[in-house]
Amino acid sequence: MKSHSTRFWLQRVLLLMLVLLFSGSQQSFIVADAAPPINAHASAKARQLLAYLTNVPDGMLISGQHDYLEAPDEQNNKLQQISGQFAGLHGYEFGGLANQSRTALREQRQRVVNSAIEWSQDGGIVAITFHQALPGKPKTWKNVQAKITQAEFNRYITPGTPQYKQLIADLDEAALSLKTLRDADVPVLWRPYHEMNGNWFWWGNKQNYAKLWDLMYDRFVHVHHLDNLLWVWSPNAPNAYSTPYNLSFPGINRVDVLAADIYNNDYKSSYYYTELLKLAQGKPMGIGESDILPSAKVLQNQPAWAYAMTWGKELSATNSQATIRHFMNQNNIITRDLLHESLR
């Protein structure tokens with residue numbers, strides 16, 4: 001009974017914060033002033049989402065669950081079936097990984113868009129990851145992980161080259177689907193070119209990675225006017241397989257949210273949480289991908305995480321059903337029901 005009462009009152013406090021935030025009456029309540037979005041023309045809902053993420057109370061965490069392109073609701077529904085709760089944040093995929101035709105990829109992205117619109121209307125937060133295959137190559141996982149040299153990479157970010165034109169064509173195709181979300185007024189945590197400080201993706205460990213980031217940003221914002229996007233920079237935790245954050249950071253004025261990808265229960269404050277806090281300069285931080293759900297001790301020692309997104313099938317592969325139920329029903333976990341109630 002005590003646990004239920006505590007959860008109830010913690011949720012009421014958070015609900016009050018959300019109501020004030022989304023009603024535009026947040027000035028007397030918000031503790032931290034949110035930095036403006038990097039896109040000066042960001043939509044009102046994108047600005048509201050960024051403000052909310054900035055002000056998630058320390059120690060509270062938005063739960064998140066990723067789904068794959070081919071089945072955009074499968075794992076999120078499974079989470080709800082196990083725990084009785086939907087995640088507050090639903091992650092989607094936009095990259096073709098199964099050698100899809102252009103038509104098939106458009107159809108799959110449309111199903112993602114349809115799910116995301118419904119999810120947002122029900123009060124949830126939408127995040128989209130983009131595993132982009134090497135432009136000009138078949139859209140397969142192998143080509144997402146293509147090994148290219150620095151000189152080859154440079155051709156993709158040099159205007160006028162055939163590789164640059166292939167990259168632009170891919171971006172323009174993705175933008176078509178993202179425009180549907182923009183027109184439906186759905187704010188999106190857009191997470192492209194992630195884990196760039198490792199060597200397993202074609203964009204990884206490149207000296208001028210920031211030029212690729214800037215190229216996509218400029219194309220999406222200034223050409224396609226995707227003002228519903230918040231830009232999430234999501235490196236891998238700087239472990240034995242990854243380089244330090246600062247080597248691939250595009251700059252504080254080029255990112256809205258910073259997120260670390262953490263696997264194998266590798267929640268070490270000393271070598272990535274503290275460093276990400278320094279880079280963030282008060283901007284919101286999340287766990288962009290994870291397998292093992294963060295423990296209560298981790299959340300206590302690392303209170304600044306705004307959200308954590310479990311990656312696809314890792315939900316059940318690395319967590320027992322009892323663990324999932326316990327995690328989703330803790331006092332400090334923000335589910336979709338709470339977000340939805342705040343927007344009524």
Side-chain angles (χ1 to χ4, degrees), residues 38 66 93-97 128-159 161-164 166-168 170-171 174 189-220 231-264 266-268 270-280 283 285-291 309 311 314:
I38 58 174
H66 170 79
E93 175 63 64
F94 240 47
L97 306 176
I128 298 179
T129 296
F130 187 31
H131 282 95
Q132 183 183 13
L134 188 66
K137 302 295 183 181
K139 291 175 172 50
T140 64
W141 181 245
K142 180 179 179 180
N143 286 325
V144 175
Q145 294 191 308
K147 302 297 183 184
I148 63 173
T149 66
Q150 180 67 55
E152 289 170 328
F153 177 82
N154 291 344
R155 297 187 186 105
Y156 286 94
I157 57 174
T158 300
T161 66
Q163 293 87 347
Y164 176 88
Q166 290 165 343
L167 173 65
I168 292 299
D170 273 4
L171 297 186
L189 296 178
W190 176 245
R191 180 176 173 264
Y193 303 135
H194 61 297
E195 298 176 5
M196 74 304 295
N197 57 336
N199 65 358
W200 44 88
F201 297 136
W202 62 265
W203 58 81
N205 279 348
K206 299 300 186 289
Q207 297 171 2
N208 48 356
Y209 163 83
K211 288 189 176 181
L212 177 65
W213 178 273
D214 288 347
L215 191 158
M216 175 187 273
Y217 175 85
D218 291 337
R219 190 75 183 176
F220 278 9
W231 291 76
V232 182
W233 179 71
S234 188
N236 201 67
N239 51 28
Y241 310 102
S242 310
T243 59
Y245 292 140
N246 62 301
L247 298 181
S248 56
F249 188 46
I252 195 62
N253 294 322
R254 299 300 269 177
V255 301
D256 290 307
V257 178
L258 295 81
D261 292 3
I262 304 167
Y263 282 89
N264 302 314
D266 197 16
Y267 294 100
K268 295 179 182 176
S270 58
Y271 77 105
Y272 68 86
Y273 174 74
T274 304
E275 291 304 312
L276 203 66
L277 270 174
K278 292 177 184 177
L279 282 180
K283 291 191 175 185
M285 304 193 325
I287 297 174
E289 292 183 24
S290 64
D291 52 357
M309 185 175 76
W311 189 257
E314 295 298 329

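Quick note: numbers below take in every heavy atom, side chains included, and nothing from hydrogens, waters or symmetry partners. Predicted model, so just to flag it, every value in this text is computed and none were measured. The chain is numbered in sequence order, starting from 1.
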Side-chain heavy-atom pair [X], [Y] within 4.5 angstrom cut-off:
| X | Y | answer |
| --- | --- | --- |
| Y273 | Y267 | no |
| W233 | L258 | yes |
| F249 | Y209 | no |
| W190 | Y217 | no |
| L134 | Y156 | yes |
| E289 | H194 | yes |
| V257 | R191 | no |
| I157 | D214 | no |

Where do [X] and [Y] come nearest, in terms of heavy atoms and distance?
| X | Y | result |
| --- | --- | --- |
| A133 | P138 | CB-O, 3.9 Å |
| S242 | P238 | CB-CA, 4.0 Å |
| G288 | M309 | O-CE, 3.1 Å |
| P250 | A210 | CA-CB, 4.1 Å |
| A260 | Y245 | CB-OH, 3.6 Å |

Give a yes or no on whether the backbone of [Y] and the side-chain of [X] come within a donor-acceptor separation of less than 3.5 Å.
| X | Y | result |
| --- | --- | --- |
| N197 | T243 | yes |
| K206 | W202 | yes |
| K147 | N199 | yes |
| D291 | Y263 | no |
| W231 | P192 | no |
| E195 | F201 | no |
| S234 | A259 | yes |

Which is it for Y164 and T158 under the side-chain contact (heavy atoms from CB on, under 4.5 Å) test, yes or no, and what are the steps along the way?
-> CA-CA 6 Å; Y164 176 88; T158 300; 5.6 Å; no
Will you find, in the side chains of Q163 and N154, an N or O donor that is under 3.5 Å from an N or O acceptor?
->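 Q163 vs N154: no donor-acceptor pair found between side chains.
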Is it the case that E93 and H131 place a side-chain donor and acceptor less than 3.5 Å from each other?
->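 The answer is yes; a qualifying pair exists.
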Do W213 and W203 have their ring centres less than 6.0 Å from each other?
->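 Centroid distance W213-W203: not below 6.0 Å, so no.
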Does the side-chain contact (heavy atoms from CB on, under 4.5 Å) test come out yes or no for K283 and I38, once each step is laid out?
-> CA-CA 11 Å; K283 291 191 175 185; I38 58 174; 3.8 Å; yes
Drop me the distance from L276's CG to M285's CE, to the nearest 0.5 angstrom.
-> 5.0 Å
Does a side-chain N-to-carboxylate-O contact under 4.0 Å join K137 and D170?
->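 The answer is no: the pair does not qualify as a salt bridge.
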Decide yes or no on side-chain contact (heavy atoms from CB on, under 4.5 Å) for E275 and N246, but give the supporting numbers first.
-> CA-CA 9 Å; E275 291 304 312; N246 62 301; over 6 Å; no
For the residue pair F130 and Y193, categorise the inter-ring angle as parallel (less than 30°), tilted (30 to 60°) or perpendicular (more than 60°).
->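 Because their plane-to-plane angle lies in the 30° to 60° range, the rings of F130 and Y193 count as tilted.
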Output, in order, the C-alpha distance, side-chain angles, deciding distance and verdict of side-chain contact (heavy atoms from CB on, under 4.5 Å) for N239 and N264.
-> CA-CA 11 Å; N239 51 28; N264 302 314; over 6 Å; no
E152, CD: over 12 other non-hydrogen atoms inside 6.0 angstrom = yes
Please walk me through it: do R254 and D218 pass salt bridge (charged side-chain N to carboxylate O under 4.0 Å, His left out)?
-> CA-CA 11 Å; R254 299 300 269 177; D218 291 337; 3.3 Å; yes
